[in-house]
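Computed from a predicted model, the values in this text were never measured in an experiment. Each residue takes its place number in the sequence, starting with 1.
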Amino acid sequence: GKTVTSPLSLFKVVYCKRKVHCYTPKPCYRKKLCPKSRGRDMANKENELACAGNLPAKLHNSRTHLLNSSDSGSSQTEGPSSKYSAFFSEVSQDHETMAQVLFSRNLRLNVALTFWRRRSISELVAYLVRIQDLGVVVDCLPVLTNSLQEEKPYVSVGCCVDLLPLVKSLLKSKYEEYVIVGLNWLQAVIKRWWSELSAHTEKAEDGNIHILKQQLSVLWEQENHLTLVPGYTGNIAKDVNAYLLQLH
């Protein structure tokens, strides 16, 4: 009885009870009867831990591979476009200059339109002579040509005399459109004042007609080769040539 109630023995019994109480509820001990299965489970557990331990490294490697593959893809897509970068830069290098030219031309056309609306043809012609812009002349000359064909009174012989040097520049242009506009105007001028030009008068009031006749003769001596141009341009030149041959 003393050994049972001794503090040391009681401590041992309590310790043993604690020991049994602590370890018996764990479910892992139920597999002691199957050591082989325990070995497989432990091996699987070790594999899972090993995989879990290597997972960040694998994720890093896969991410690096994806990034590298995307970079290679972008480099492949940028490869063909880089071939044309020089071409597009060459095409677009003059865009700013062209925009400035068109902006300036639009301003000049607006000024010319203001003169036309006021029927200030002499001021319009003086403005065209002053700016010496053949592009603006080509835009404005067809309006004056129509007025000559309709025999409007506000287009005078003096205006035609002042415009003739500009028309001469159009006939020397390398652009056929410019040449056609000049020939159309020249044809309209000759037909409009043909009666005065073919009258052979030397009166003071016909001074502009005399100047116009001389200018036409000098001009056509230099530009009569236009009759050899095929198509519409040559046809107009032949018509002008038929009229001017009668003035000699």
message = Ignoring hydrogens, what is the shortest heavy-atom contact between C160 and L148? Give both atom names and the distance.
response = SG-CD2, 4.2 Å
ask   = So which heavy atom on A188 is nearest to which on T145, and how close?
value = CB-CG2, 3.8 Å
key: Neighbour count above 12 (heavy atom, 6.0 Å) for E177 CD   = no
Within one Ile-Leu-Val-Met-Phe-Trp-Tyr cluster: V189 and W194, side-chain cutoff 4.5 Å = yes
task = Answer yes if V218 and L226 sit in the same cluster of Ile, Leu, Val, Met, Phe, Trp and Tyr residues linked by side chain heavy atoms under 4.5 Å apart, and no otherwise.
result = no
ask   = So which heavy atom on A112 is nearest to which on Y127, and how close?
value = N-CE2, 4.1 Å
query = Between CG of L244 and CD1 of I190, what distance do you get to the nearest 0.5 Å?
reply = 4.0 Å
Pair up each side-chain donor or acceptor in residues 163-171 with any protein partner under 3.5 Å, not counting sequence neighbours, and list the distances.
| unit_1 | atom_1 | unit_2 | atom_2 | d |
| --- | --- | --- | --- | --- |
| K168 | NZ | Q222 | OE1 | 3.1 |
| S169 | OG | P165 | O | 3.4 |

query = Nearest 0.5 Å, what's the CD1-CG distance between I236 and N241?
reply = 13.5 Å
key: More than 12 heavy atoms of other groups within 6.0 Å of R117 CZ   = no
key: Between CD1 on residue I211 and CG on residue L216, distance to nearest 0.5 Å   = 12.0 Å
message = Assigning hydrophobic clusters by single linkage (Ile, Leu, Val, Met, Phe, Trp, Tyr; side-chain heavy-atom cutoff under 4.5 Å), is L141 placed with Y232?
response = yes
query = When you measure from the side chain of S217 to the backbone N and O of K213, does any donor-acceptor pair fall under 3.5 Å?
reply = yes
note = On a heavy-atom basis, the closest approach of D133 and R108 is OD2-NH1, 2.7 Å
key: SB check R105 D139 (cutoff 4.0 Å)   = yes
note = Here the pair of heavy atoms bringing K238 nearest to T227 is CE-O, 3.2 Å
Connected hydrophobic set around F103, excluding itself, where side chains approach under 4.5 Å = L107
ask   = Can the positive tip of R119 be found less than 6.0 Å from the middle of the six-membered ring of W116, inside 45° of the ring normal?
value = yes
key: Approximate separation, where rounding is to 0.5 Å, of C140 SG and L113 CG   = 8.5 Å
ask   = OG/S156 to CH2/W193 distance, rounded to the nearest 0.5 angstrom?
value = 6.5 Å
query = Would you call E223 and K172 a salt bridge, using N to O less than 4.0 angstrom?
reply = yes
query = Are Y154 and V157 in one and the same hydrophobic cluster, where Ile, Leu, Val, Met, Phe, Trp and Tyr link if side-chain heavy atoms are under 4.5 Å apart?
reply = yes
request  = Check whether any side-chain heavy atom of T114 lies under 4.5 Å from a side-chain heavy atom of E123, and answer yes or no.
outcome  = no
ask   = Are L102 and V111 joined in one hydrophobic group, where the rule is that I, L, V, M, F, W and Y side chains link up if heavy atoms are under 4.5 Å apart?
value = no
request  = Run the numbers on E150 and V155 for side chain to side chain contact (heavy atoms under 4.5 Å, CB included), then give the verdict.
outcome  = CA-CA 10 Å; E150 297 173 0; V155 182; over 6 Å; no
inquiry  = With rounding to the nearest 0.5 angstrom, report the NZ to CG distance, K152 to L144.
reply    = 13.0 Å
task = Identify the two heavy atoms, one from T233 and one from L183, that lie closest to each other, and give their separation to 0.1 Å.
result = O-CD1, 3.6 Å
